[in-house]
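This report concerns only the one structure given below.
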Amino acid sequence: MDRNQEIALAKMRKSVEKPGSSTESYGEKTLMRFLIARSMNPEKAAKMFCQWKKWRAEMVPTGYITDSEVADESAAEKVYLQGLSKNGYPVAIIKLNKHFASKDQVQFKKFVVHALDKTIASSFNGREIGNEKLIAILDLQNITYSNVDTRGLITGFQFLQAYYPERLATCYLLHMPQFFVTVWRFICRFLDKATQRKMRIVMSEEQKQEFIREVGEVIIYYPTIQ
């Protein structure tokens, strides 16, 4: 960590303490994610951090989402852990042809958190460092209009942006059908520039080779996230 980062981090800690919150239980690498997400602005990073703590306390009061809380969403078997990428990032693949818009939005949001937490946790043994990233793969093969859940996709990306800053390394979209192009353009309106830069639509041979270099040529399905 260079001198400028140390100064920004100290200012962020001080700003967090003003509304009566604390960074005592969080390491430098965790706090740096919020600073990076807010272009190294200590005040904005502190605000984002406090909002995250409040959200986390309300959404995950016990520290984790239990399997029983997301049983219906898990039963669809639409999210699979894929091990680690060549760069050591945990990989999760979402089979969108197994997804349908949920009637229970509370459970769906908890399932998003459950899946993200499980994916991140799969990258380390023991104690979390705080700067772990993940790779998401949206597999659009064989989807129909009934699988298109614009609201759900926007919710997932907004959670990543607001509550999992700098966790996403890359998001690959595979087998995108022509009818989904318009849907994707609409969804991109809700993504900030930093998130948009991490999106990769795999269509050309060059894009396929990039995907293979990062993730691997063969995707082996691991047990679904439970």
Side-chain angles (χ1 to χ4, degrees), residues 1-66 79 81-92 94 109-137 155-172 191-199 214-215 222 225:
M1 183 179 295
D2 61 33
R3 182 58 178 164
N4 290 335
Q5 290 176 327
E6 289 177 355
I7 292 173
L9 188 60
K11 288 182 178 179
M12 178 188 170
R13 289 185 186 276
K14 188 174 182 179
S15 294
V16 169
E17 291 171 1
K18 288 179 181 178
S21 189
S22 172
T23 63
E24 186 176 352
S25 301
Y26 302 93
E28 293 178 351
K29 294 187 183 299
T30 295
L31 300 181
M32 278 302 299
R33 289 194 290 107
F34 291 86
L35 277 165
I36 293 170
R38 288 297 177 261
S39 303
M40 300 305 293
N41 184 305
E43 288 73 27
K44 290 182 179 180
K47 181 179 179 180
M48 185 184 194
F49 177 79
C50 290
Q51 289 173 339
W52 167 75
K53 282 188 69 178
K54 182 176 183 294
W55 170 84
R56 190 79 188 178
E58 294 172 352
M59 177 65 77
V60 197
T62 61
Y64 64 96
I65 303 292
T66 63
V79 182
L81 291 177
Q82 301 295 291
L84 302 180
S85 71
K86 293 183 178 179
N87 289 332
Y89 298 138
V91 179
I94 300 93
K109 290 177 180 179
K110 287 186 176 183
F111 180 72
V112 172
V113 174
H114 180 72
L116 289 171
D117 287 355
K118 286 279 190 177
T119 302
I120 293 167
S122 72
S123 68
F124 59 85
N125 292 317
R127 188 176 179 81
E128 179 181 1
I129 295 174
N131 63 349
E132 294 86 355
K133 294 180 180 291
L134 62 89
I135 290 177
I137 300 173
T155 295
F157 282 117
Q158 288 183 332
F159 272 28
L160 272 170
Q161 291 175 167
Y163 307 124
Y164 293 83
E166 293 302 306
R167 287 296 201 187
L168 181 64
T170 312
C171 178
Y172 290 98
L191 309 185
D192 59 33
K193 292 182 178 179
T195 302
Q196 289 187 31
R197 287 194 291 267
K198 297 173 183 178
M199 299 295 112
E214 173 64 21
V215 181
Y222 284 65
I225 289 179

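Only heavy atoms go into these numbers, but all of them, side chains included; no hydrogens, no water, no symmetry mates.
The main-chain N or O of S123 is never found under 3.5 Å from a side-chain atom of E132 such that the two would form a donor-acceptor pair. Judged purely by atom type and a 3.5 angstrom limit, K110 has no side-chain atom pairing as donor or acceptor with the backbone of M59. Using a distance-only test at 3.5 Å, with no hydrogens or angles considered, a donor-acceptor pair links the side chain of S85 to the main chain of N87. K198 contributes a side-chain N or O that, together with a main-chain N or O of L168, makes up a donor-acceptor pair within less than 3.5 Å. Judged by distance alone, with hydrogens and angles left aside, the side-chain atoms of R33 form no donor-acceptor pair with the main-chain N or O of N131 at under 3.5 Å.
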Before giving the answer on side-chain contact (heavy atoms from CB on, under 4.5 Å), spell out for V113 and R56 the whole-Å C-alpha distance, their side-chain angles and the decisive distance to 0.1 Å. CA-CA 10 Å; V113 174; R56 190 79 188 178; 4.0 Å; yes
Yes or no on side-chain contact (heavy atoms from CB on, under 4.5 Å) for Y64 and D117, after CA distance, side-chain angles and deciding distance? CA-CA 8 Å; Y64 64 96; D117 287 355; 5.7 Å; no
Report the C-alpha distance between L134 and Y164 in whole Å, list the side-chain angles of each, state the deciding distance to 0.1 Å, and finish with yes or no for side-chain contact (heavy atoms from CB on, under 4.5 Å). CA-CA 10 Å; L134 62 89; Y164 293 83; over 6 Å; no
Evaluate the criterion side-chain contact (heavy atoms from CB on, under 4.5 Å) for residue pair K193 and R197; output intermediate values, then yes/no. CA-CA 6 Å; K193 292 182 178 179; R197 287 194 291 267; 3.9 Å; yes
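Between K133 and T170 the shortest side-chain heavy-atom distance does not fall below 4.5 Å. Contact annotation: the side chain of V16 approaches that of C50 to within less than 4.5 Å [non-hydrogen atoms, C-beta and beyond]. Side-chain atoms of V215 and I137, non-hydrogen and from C-beta on, do get closer than 4.5 Å to each other.
Ion pairing of E17 with K14 is absent here, as no side-chain N (NZ or NE/NH1/NH2) approaches a carboxylate O to less than 4.0 Å. A salt bridge is defined here as a Lys NZ or Arg NE, NH1 or NH2 lying under 4.0 Å from an Asp or Glu carboxylate O, and E128 with R167 meets this definition.
In this structure, A8 and M40 approach most closely via the heavy-atom pair CB-CE, 4.0 Å. Counting all heavy atoms, side chain and backbone alike, E166 lies closest to I36 at CD-CG2, 3.6 Å. Annotation for E28 and R13: closest pair CG-NH2, 4.0 Å, computed over non-hydrogen atoms. Closest heavy-atom contact between T30 and I129: OG1-O, 4.2 Å. Of all non-hydrogen atoms in M48 and P165, the two that sit nearest each other are CE-CB, 3.6 Å. Between G156 and V112, the shortest heavy-atom distance links the atoms CA-CG1, 4.2 Å.
In the displayed structure, K53 atom NZ is contacted under 6.0 Å by more than 12 heavy atoms of other residues, nucleotides or ligands.
The distance from atom OH of Y89 to atom CD1 of I120, rounded to the nearest 0.5 Å, is 13.0 Å. To the nearest 0.5 Å, atoms CG (L31) and CE (M12) are separated by 4.5 Å. Of the inter-residue distances, the one linking Q82 atom CD with I135 atom CD1 reads 11.0 Å to the nearest 0.5 angstrom. Once rounded to the nearest 0.5 Å, the distance linking CZ of F34 with OH of Y26 reads 8.5 Å. Note: L9 CG to T23 OG1 = 7.5 Å, rounded to the nearest 0.5 Å.
In this pair, Y163 and F159 present their aromatic rings perpendicular. The plane angle is above 60°, beyond the 30 to 60° band.
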